[in-house]
Participant: 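So that we are looking at the same thing, I have put the structure below in structure tokens.
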Amino acid sequence: MQEASFYSKTTNCQVQCELCPWNCILSDGQTGNCKVRSNQNGVLLTEIYNKVAALGSDPIEKKPLYHFYPGKNILSVGEVGCNLHCSFCQNHRISQCRASEFSGFHNISAKKIVTEALKTWNNIGIAYTYNEPFTFYEFLLDTAELVQSKGLKNVVVSNGYINEKPLQKVLPFIDAFNIDLKAFSNDFYKKHTKGELQPVLNSLKEIAESPAHLEITTLIIPGLNDDISEFKNMVNWIASELGESVPLHLSRYYPQYKLSAPATPIETLIELYDLAKQHLQHVYLGNVSDTERSATYCPNCNTELIARNHYKTEITKIDTCGKCQKCGSTASIII
């Protein structure tokens, strides 16, 4: 175990974690809402330092990131634990598991992870993903600093549920984020994630104001977050507060974990895609086979710049500076 960052000591051997909006107050022996940070004799410890639950090379498009080194691979690492509790979680076997109950850890240091990244083919760096990365904040930060020193890239795939000070500290080391914006309704967040919407919006704005690249993913769930009016408010907010060039990924939901709603109709995804395209330059459909709506187009002349078929990527009409070869417009793509 390792002493955690961002906490304060209170009275009677209690501590208050200040990493995420839960701000858990823990008595001796208690574990936080994330299931991986615990009070041991008045000291807040992280139980997932120098270990991983998952490690493997993925296409960068799988994160999903479509505008950040398309066609490259990235070494992905994950732990257990999460500070949200989504009824539809796609990775619940590790995200909703206590560190003390998980038997599949692999002990590994930040140095060894970087060594693995350096020898992995076509690899640009490390992605912190699979579960919520900010629950292993200390290990993430130490690894990210080393990754950056070796000239590699750091990617975080997160729910965005983190307090401002910890986010500001890690931002200089992160090159790209994909943030899950699960809905644009606080009622949805409270009922289906046990969290709240506003902290996620705050994180999105902070990231958008930083040098880091940002993309957003929304899993479309029938009857829960597919209301046309609510969705329109969401894409309007993204366009006005974050920028119309921020890519938005709309993913198809399939029944998972505690939620048994039917899979998202393709017609719903297409309808929301068409609506989002009225306000945002780059919108994509995920978890479906749709080459038309997974391609990247020039926002000025509509030339296809990048063709995609699942995770197979072909850069067609974009130069190494991220500009359209036909009209010269910038497409907000890092090559």
Side-chain angles (χ1 to χ4, degrees), residues 4-7 17-24 32-34 36-37 63-65 67-68 78-79 81-86 89 91 95 126-141 144 153-190 192-219 225 230-231 233-251 280 332:
S5 306
F6 294 101
Y7 80 98
C17 182
E18 297 162 352
L19 179 62
C20 88
W22 285 102
N23 294 308
C24 296
N33 187 278
C34 62
V36 298
R37 299 163 76 81
K63 298 304 99 188
L65 287 172
H67 287 226
F68 189 75
E79 303 278 5
C82 188
N83 55 359
L84 292 181
H85 307 292
C86 301
C89 182
N91 287 319
S95 72
I126 305 291
Y128 310 91
T129 181
Y130 301 137
N131 73 312
E132 171 49 46
F134 288 135
T135 61
F136 58 99
Y137 183 91
E138 294 77 14
F139 192 37
L140 184 161
L141 181 58
K153 305 301 180 183
N154 286 298
V155 167
V156 167
V157 181
S158 170
N159 59 31
Y161 212 63
I162 184 173
N163 286 337
E164 180 180 2
K165 287 184 179 179
L167 179 57
Q168 288 296 331
K169 184 175 181 178
V170 79
L171 269 176
F173 302 99
I174 307 304
D175 299 281
F177 288 85
N178 187 297
I179 300 295
D180 286 335
L181 181 54
K182 299 176 187 295
F184 207 63
S185 159
N186 198 51
D187 287 342
F188 176 97
Y189 265 84
K190 284 184 174 181
H192 295 287
T193 78
K194 309 306 179 187
E196 295 187 346
L197 171 62
Q198 191 59 50
V200 181
L201 301 184
N202 295 343
S203 294
L204 283 165
K205 291 176 73 172
E206 290 177 46
I207 294 167
E209 291 169 0
S210 79
H213 176 74
L214 172 63
E215 302 191 23
I216 297 171
T217 297
T218 299
L219 183 71
N225 65 352
E230 179 184 307
F231 183 82
N233 289 339
M234 185 183 83
V235 295
N236 275 330
W237 184 88
I238 293 171
S240 62
E241 297 293 334
L242 309 180
E244 62 181 12
S245 65
V246 172
L248 174 64
H249 302 261
L250 304 178
S251 291
L280 301 173
S332 302

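Predicted model, so just to flag it, every value in this text is computed and none were measured.
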Participant: Could you pull out all residues at least two apart from Y130 that satisfy ring-ring contact (aromatic ring centres under 6.0 Å, His included)?
Facilitator: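 Applying ring-ring contact (aromatic ring centres under 6.0 Å, His included) to Y130 gives none.
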Participant: Applying side-chain hydrogen bond (donor to acceptor under 3.5 Å, both in side chains), can you list everything that pairs with T217, at least two apart in sequence or on another chain?
Facilitator: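 Testing T217 for side-chain hydrogen bond (donor to acceptor under 3.5 Å, both in side chains), a comparison that skips the adjacent residues, returns N178.
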Participant: Just by distance, with hydrogens left out, do H67 and E215 show a side-chain donor and acceptor under 3.5 Å apart?
Facilitator: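 On atom types as modelled, these side chains do not qualify, holding no pair under 3.5 Å.
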Participant: For residues L197 and A183, report the shortest heavy-atom separation together with the two atoms involved.
Facilitator: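 Nearest pair, atom of L197 first, then A183: CD1-O, 3.6 Å.
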Participant: Just jot down the side-chain hydrogen bond (donor to acceptor under 3.5 Å, both in side chains) partners of Q168, sequence neighbours excluded, or say none.
Facilitator: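 Residues passing side-chain hydrogen bond (donor to acceptor under 3.5 Å, both in side chains) with Q168: E206.
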Participant: Once you round to the nearest 0.5 Å, how far does CG of N23 lie from CD of E18?
Facilitator: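 One finds 6.5 Å between CG of N23 and CD of E18.
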Participant: At their closest point, which heavy atom of G243 faces which heavy atom of L280, and how far apart are they?
Facilitator: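 Closest pair (atom of G243, atom of L280, distance): O-CD2, 4.3 Å.
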Participant: Check salt bridge (charged side-chain N to carboxylate O under 4.0 Å, His left out) between E196 and all other residues, then give those that pass, not counting sequence neighbours.
Facilitator: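 E196: no salt bridge (charged side-chain N to carboxylate O under 4.0 Å, His left out) contacts found.
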Participant: Kindly say whether G195 contributes a backbone atom to a donor-acceptor pair with the side chain of Y161 at under 3.5 angstrom?
Facilitator: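 No; zero donor-acceptor contacts below 3.5 Å.
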Participant: Can you run down the salt bridge (Lys or Arg N to Asp or Glu O under 4.0 Å) pairs that involve residues 127-138, sequence neighbours left out, and say none if there aren't any?
Facilitator: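 Salt bridge (Lys or Arg N to Asp or Glu O under 4.0 Å) check on residues 127-138 returns R37-E138.
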Participant: Does any N or O in the side chain of N131 come within less than 3.5 Å of the main-chain N or O of C82, such that one atom is a donor and the other an acceptor?
Facilitator: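 Looks like no, no N/O pair under 3.5 Å.
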Participant: How long is the gap from NE2 on H85 to CG on N33, to the nearest 0.5 Å?
Facilitator: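 It is 3.5 Å, given to the nearest 0.5 Å.
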Participant: If the condition is ring-ring contact (aromatic ring centres under 6.0 Å, His included), which residues does F136 pass it with, not counting sequence neighbours?
Facilitator: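 For F136, no residue satisfies ring-ring contact (aromatic ring centres under 6.0 Å, His included) once neighbours in sequence are set aside.
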Participant: Does S158 reach the main-chain N or O of P133 with its side chain, forming a donor-acceptor pair under 3.5 Å?
Facilitator: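 Not a single qualifying donor-acceptor pair exists.
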Participant: Applying side chain to side chain contact (heavy atoms under 4.5 Å, CB included) between F184 and each of L201, T218, N225, V200, report the one that passes.
Facilitator: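 It is L201, the one option of L201, T218, N225, V200 that forms the side chain to side chain contact (heavy atoms under 4.5 Å, CB included) with F184.
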Participant: Contact between E79 and L140 at the side-chain level, heavy atoms closer than 4.5 Å - yes or no?
Facilitator: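 E79 does not reach L140 side chain to side chain.
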Participant: Rounded at 0.5 Å granularity, tell me how far CG in L171 sits from OG in S210.
Facilitator: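 Result: 4.5 Å between the selected atoms.
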Participant: Find out whether H213 and L65 are in side-chain contact, i.e. whether some heavy atom of one side chain is under 4.5 Å from a heavy atom of the other.
Facilitator: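 Heavy-atom side-chain distance check passes, below 4.5 Å.
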Participant: Over 60° means perpendicular and under 30° means parallel, so tell me whether Y137 and F6 are parallel, tilted or perpendicular.
Facilitator: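 Y137 and F6: perpendicular rings.
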Participant: Drop me the distance from L219's CG to L181's CG, to the nearest 0.5 angstrom.
Facilitator: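 Answer for the CG-CG pair, L219 versus L181, is 11.5 Å.
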Participant: Should L242 and K205 count as side-chain neighbours, where that means a heavy-atom distance under 4.5 Å?
Facilitator: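 Heavy-atom side-chain distance check passes, below 4.5 Å.
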Participant: Show me the pairs that pass salt bridge (Lys or Arg N to Asp or Glu O under 4.0 Å) and involve residues 163-179, at least two apart or across chains.
Facilitator: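 Found none.
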Participant: With no hydrogens and no angle check, is any side-chain donor or acceptor of W22 less than 3.5 Å from a backbone partner on N83?
Facilitator: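 Yes; at least one donor-acceptor contact below 3.5 Å.
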Participant: For residues 177-190, pull every pair meeting salt bridge (Lys or Arg N to Asp or Glu O under 4.0 Å), keeping only residues two or more places apart or in separate chains.
Facilitator: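 Of all non-adjacent pairs touching residues 177-190, those that pass salt bridge (Lys or Arg N to Asp or Glu O under 4.0 Å) are D180-K182.
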Participant: Going by ring-ring contact (aromatic ring centres under 6.0 Å, His included), name the residues that satisfy it together with F139, two or more places apart in sequence or in a different chain.
Facilitator: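 Per chain and number, F139 pairs via ring-ring contact (aromatic ring centres under 6.0 Å, His included) with Y49.
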Participant: Which residues satisfy the side-chain hydrogen bond (donor to acceptor under 3.5 Å, both in side chains) test with E244, sequence neighbours excluded?
Facilitator: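 Here the qualifying residues are Q281.
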Participant: Less than 4.5 Å apart, any side-chain heavy atom of K63 and any of F68?
Facilitator: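 SC-SC contact between K63 and F68 ruled out.
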Participant: Can you sort out the partners of N91 under side-chain hydrogen bond (donor to acceptor under 3.5 Å, both in side chains), two or more places apart, ordered by chain and number?
Facilitator: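 By the side-chain hydrogen bond (donor to acceptor under 3.5 Å, both in side chains) rule, N91 matches no residue at all.
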Participant: Under the ring-ring contact (aromatic ring centres under 6.0 Å, His included) rule, collect the residues that match up with H192, sequence neighbours excluded.
Facilitator: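 With sequence neighbours excluded, H192 shows a ring-ring contact (aromatic ring centres under 6.0 Å, His included) to F188, given in chain and number order.
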